[in-house]
Protein chains: 2
Amino acid sequence: MNMRRTTIKDVAEAAGVGVATVSRVLSGGSASPETRERVLTVAAQLDYRPSALGRNLRQQRSGGIGLLLPDITDTFYGRLADGVLACARSAGEPVILGATGDDPEREAELIGMLLEQGVDRVIAVPSGDGETWAPTLRAGLTTVFAHRLAAGRDDVPAVLADDRAGVRTAVDYLTGLGHRRIAYLGGPGQEQRLSVFRQALGALVDEDLIVSARGSRDSAYAVAAGLFQRRPDLTAVLAGGNLLGEAAVLAARELDLRVPRDLSLIMFDDVPWAELCSPPLTVIAQPAQDIGYRAAELVLRAGPRRPRSVLLPTELMVRGSCAPRGISRSPR
Amino acid sequence: MNMRRTTIKDVAEAAGVGVATVSRVLSGGSASPETRERVLTVAAQLDYRPSALGRNLRQQRSGGIGLLLPDITDTFYGRLADGVLACARSAGEPVILGATGDDPEREAELIGMLLEQGVDRVIAVPSGDGETWAPTLRAGLTTVFAHRLAAGRDDVPAVLADDRAGVRTAVDYLTGLGHRRIAYLGGPGQEQRLSVFRQALGALVDEDLIVSARGSRDSAYAVAAGLFQRRPDLTAVLAGGNLLGEAAVLAARELDLRVPRDLSLIMFDDVPWAELCSPPLTVIAQPAQDIGYRAAELVLRAGPRRPRSVLLPTELMVRGSCAPRGISRSPR
DNA sequence: AAATATGATGGAATCGTTTCCATGAACATG
DNA sequence: CATGTTCATGGAAACGATTCCATCATATTT
């Protein structure tokens with residue numbers, strides 16, 4: 001009842017040729033027209049599918065693409081993954097997905113898994129530092145980072161959104177509206193953005209207003225609520241991701257801060273619900289899907305030499321969550 | 001410069017034993033304590049990782065789990081995927097992800113890919129009918145459906161949210177509030193829900209109020225806007241998914257229908273932004289993550305006989321998007 | 001002490017594919 | 001006609017693991 005898979009040998013026998021010939025025909029090698037036709041017919045009749053297992057073992061590579069993301073639940077990473085899948089599909093490559101939870105240890109574990117699987121291409125939003133990523137490079141895997149870099153690993157190409165420009169535009173916009181006490185609500189791996197934030201803010205920078213949450217919703221909410229309570233004098237917030245933005249809106253509502261009257265809010269990453277919010281959220285849109293697609297392109301068309309990194313533009317989408325600094329909230 | 005992977009042979013040589021012994025030690029077979037220790041030490045020293053390629057070929061199975069979802073961008077499926085990943089990780093199994101876009105043809109293509117990869121377990125939110133899924137069963141793959149069934153494939157175990165109860169509760173709630181003209185805004189593969197909807201509504205059912213969108217956001221918006229314009233007399237809507245709910249909110253806003261005064265809205269699937277909306281959306285919560293986790297459990301612990309299907313509870317979360325039917329909107 | 005059971009061990013076969021190489025036929029060129 | 005070239009073809013060797021089976025040493029039983 002549990003019949004064997006049809007193998008290349010079966011096809012060869014049925015077509016009256018050798019296995020080598022079948023392999024050649026199927027992978028586009030040279031063969032006489034009549035042989036080619038016969039083999040193809042037989043293969044179709046038997047519904048033959050070459051086993052990737054055999055092939056991979058022989059050619060020492062498992063073709064697949066590893067994709068390591070902090071959290072597939074976050075729509076940003078969802079869109080990124082979608083981009084990767086789109087590109088991978090057109091290349092016929094399978095994608096192996098792993099969620100790191102922004103935990104270097106889990107990331108290392110997943111890298112080990114990919115190595116075992118013989119995957120030879122990886123796209124990752126890295127959580128760990130350069131050390132974590134040493135194994136993939138040592139094993140000769142084509143590695144591409146997406147969305148952010150790993151500390152001390154500038155030898156890996158990356159596809160990034162232009163965070164610098166995004167942060168600068170947002171800060172300029174807020175200061176232009178008269179805001180002076182501007183907070184940054186950050187997440188894991190946003191060192192680069194922070195340095196630009198400080199730089200753009202210049203003399204206005206207030207380290208007490210720069211806070212950082214871990215990856216989870218709970219942590220984001222706790223940090224946002226803590227910030228708002230500790231510093232009722234702040235008038236604007238830049239949230240470094242949609243989870244952080246969500247937390248900010250929730251915390252503001254909980255503390256009866258009206259947006260944008262009491263608090264101006266800009267969020268990194270444009271998500272569908274930003275428009276549904278009231279007021280609709282002003283955001284810095286990032287081309288999440290493109291990031292994924294381009295990363296997949298890089299990792300697939302990896303030539304002999306290391307490809308250059310890619311920087312994709314961000315865009316400030318002005319909606320309704322920012323207002324000129326009015327009469328300062330009376331801190332009571 | 002591009003050195004070879006360390007193989008089992010290298011370990012065997014370095015430890016002065018045969019490859020068979022190494023294999024036994026590493027997979028928990030019998031071996032004398034001193035040999036075991038020596039092999040383990042050497043393996044650790046050489047940083048040896050057994051290649052999944054070799055193993056899989058030998059045992060004719062690639063251990064991995066295939067996961068086929070309509071759209072990884074949809075947070076519902078994102079959470080589902082997260083559940084699968086969580087369970088797969090604890091079992092050390094890789095997950096191969098594919099996005100079907102709710103297109104049976106693409107689904108069939110992806111199934112073919114999984115078959116080629118030698119994957120022997122699949123979790124899917126099926127788009128196609130029973131015919132599409134014949135190949136996986138014929139090939140002996142352990143298959144489990146999640147979130148919905150494939151028409152004419154009742155021989156595949158499934159993990160479902162209790163849609164029937166969800167729809168019934170929602171309809172009862174709306175009729176209890178006095179609503180009579182209730183619309184259903186559906187998506188692909190919701191036949192079951194529709195039948196329950198009709199049944200629960202009884203004599204009140206109005207086929208013109210039952211509409212269906214394809215998977216995309218655009219399609220959802222178009223259908224919602226069309227419905228609201230065509231039937232200004234409806235007073236309540238049940239949206240069959242978060243994309244549909246989003247579209248409904250957007251379309252209502254565009255047409256100046258105030259929620260809940262002019263229009264009561266219930267959405268399937270509780271998402272974080274449902275609370276951020278104004279008014280906050282009343283939803284039918286589905287345990288997306290659990291669905292994924294349980295499906296992975298089923299597919300992993302698949303014994304000799306087919307496991308039973310699982311039905312998980314839904315919950316009506318009353319927030320602010322439903323109101324008693326007031327003075328009917330004056331259709332002008 | 002002889003016979004038998006037990007357990008550790010390594011050689012070799014196997015999985016399904018690709019690819020190297022040798023063979024032989026057909027054809028062109030001298 | 002002899003020789004060299006091209007081309008289709010099939011046999012066999014990889015690839016890296018697992019696993020069957022035979023071998024041999026040691027321990028147990030009579």
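All values below were derived from every heavy atom in this structure, side-chain atoms included, with hydrogens, water molecules and symmetry-related copies excluded. In what follows, every chain begins at residue 1, and chains take the letters A, B, ... in the order their sequences are listed.
- Among the heavy atoms of the strands, none lies under 4.0 Å from B:G118.
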Distances for protein N or O near nucleotides 6-8 of chain D N or O, under 3.5 Å:
| from | atom 1 | to | atom 2 | distance (Å) |
| --- | --- | --- | --- | --- |
| D:dA8 | OP2 | A:S30 | OG | 3.3 |

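- Ring orientation note: the planes of B:H147 and B:Y77 are nearly perpendicular, at an angle over 60° on the 30°/60° scale.
- Of the candidate nucleotides D:dC15, C:dT17, C:dT19, C:dT17 has the atom lying nearest to any side-chain atom of A:Y48.
- Not one side-chain nitrogen or oxygen of B:S51 sits closer than 4.0 Å to the OP1 or OP2 atom of D:dG16.
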key: Test log, rule side chain to side chain donor-acceptor pair (under 3.5 Å), inputs B:T132 and B:D129   = CA-CA 6 Å; B:T132 314; B:D129 57 0; 3.2 Å; yes

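- Between A:R58 and D:dA14 there is no side-chain polar atom (N or O) within less than 4.0 angstrom of OP1 or OP2.
- Here the rule is side chain to side chain contact (heavy atoms under 4.5 Å, CB included) with A:V156, and of A:T143, A:L149, A:V122, A:V144 only A:T143 fits it.
- Ranking C:dC20, C:dG16, D:dT19 by closeness to the A:R24 side chain, first place goes to C:dC20.
- Applying the 4.0 Å criterion to OP1 and OP2 of D:dG16, one finds that A:Q60 has a side-chain N or O inside that range.
- When each of A:R36 and A:V19 is assigned the nucleotide of DNA chain D bearing its nearest heavy atom, the one mapping closer to the 5' terminus is A:R36.
- Phosphate contact (OP1/OP2 of D:dA17, side-chain N/O of B:S23, threshold under 4.0 Å): absent.
- In this structure, A:R55 does not reach the C:dG16 phosphate: none of its side-chain N or O atoms is under 4.0 Å from OP1 or OP2.
- Taking the nucleotide of DNA chain C with the nearest heavy atom to each of B:G18 and B:Q59, the more 5' of the two is matched to B:G18.
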